[in-house]
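Shown next, in structure tokens, is the structure this report addresses.
This is a predicted model, so every value here is computed, not measured.
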Amino acid sequence: MIVKKGNDTLKKILQEGMAMLKTFKRYLSVGVINTLIHWAVFLMLVYSMGANQSFSNLMAFCVATTFGFFANAKWTFNKEYSLYRYFIYVSFLGLMAVLFGRAADLLSLPPLITTVSFSLFSLVIGFLYSNFIVFKDNKR
């Protein structure tokens, strides 16, 4: 009896882990497209329209994050989107970007290091936040 119950528990843990890995792969795929959108908008605004980097990065963040929210809601998490979910998603990622950028300024990190390290950080933290908070089953 105890062995069977233990096997059932292990089997359930493995199934949940595999399901989360599948979800993470989808999140990663959206993240790659999201990053390309961010870079494209940023570079277009800077080089084609002569906008400064601050404005260009803010606009690129808004466009890419909006795409990421809707793509993740529909394809990654298969959940309905709402203004509430959008607000907490964009607010959290925006706050993380600002705080990460501030820390990079204080540490005098090169922009390339900041960009790459924030991309990795936001991939993991963004997935956990999206999975367990934004698109959790009982959200509005």
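- Summarising the geometry, atom CG belonging to L120 is positioned 11.5 Å from atom CD1 belonging to I125; distances are rounded to the nearest 0.5 Å.
- A single hydrophobic cluster is seen to contain both F132 and Y27, as judged by linkage of ILVMFWY side chains at heavy-atom distances under 4.5 Å, directly or through other members.
- Both F118 and V124 belong to a common hydrophobic cluster when Ile, Leu, Val, Met, Phe, Trp and Tyr are linked at side-chain heavy-atom distances under 4.5 angstrom.
- Residue F121 qualifies as enclosed at atom CZ: its count of foreign heavy atoms under 6.0 Å is above 12.
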Can you give each donor-acceptor pair under 3.5 Å made by side-chain atoms of residues 94-104, sequence neighbours left out, with the distance rounded to 0.1 Å?
none

Under 3.5 Å donor-acceptor pairs involving side-chain atoms of residues 33-51, not counting sequence neighbours:
{"residue": "T35", "atom": "OG1", "partner": "G31", "partner atom": "O", "Å": "2.8"}
{"residue": "H38", "atom": "NE2", "partner": "N57", "partner atom": "OD1", "Å": "2.8"}

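- When the side chains of ILVMFWY residues are joined at heavy-atom separations under 4.5 Å, either directly or via intervening members, L93 and V30 end up in two distinct hydrophobic clusters.
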Return a table of donor-acceptor pairs under 3.5 angstrom between the side chains of residues 58-69 and protein atoms on other chains or two or more places apart.
{"residue": "T65", "atom": "OG1", "partner": "F61", "partner atom": "O", "Å": "2.7"}
{"residue": "T66", "atom": "OG1", "partner": "C62", "partner atom": "O", "Å": "2.7"}
{"residue": "T66", "atom": "OG1", "partner": "Y86", "partner atom": "OH", "Å": "2.7"}

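- Using a 4.5 Å cut-off on side-chain heavy atoms (C-beta onward), L21 and K25 make contact.
- With sequence neighbours excluded, the residues forming a side chain to side chain contact (heavy atoms under 4.5 Å, CB included) with Y129 are I88, F92, I133, V134, listed by chain and number.
- In this structure, F55 has no ring pair (Phe, Tyr, Trp, His ring centres under 6.0 Å) partners at least two apart in sequence or on a different chain.
- Residues satisfying the side-chain hydrogen bond (donor to acceptor under 3.5 Å, both in side chains) test with T76, not counting sequence neighbours, are N72.
- Under the 4.5 Å side-chain heavy-atom criterion for grouping Ile, Leu, Val, Met, Phe, Trp and Tyr, L128 is connected to V90 within one hydrophobic cluster.
- Taking OG1 of T23 as the reference point, atom CG of L28 lies at 12.5 Å (rounded to 0.5 Å).
- Every side chain to side chain contact (heavy atoms under 4.5 Å, CB included) that K79 has, sequence neighbours left out, goes to F77, R85, F135, D137.
- No side-chain heavy atom of M20 sits under 4.5 Å from any side-chain heavy atom of E16.
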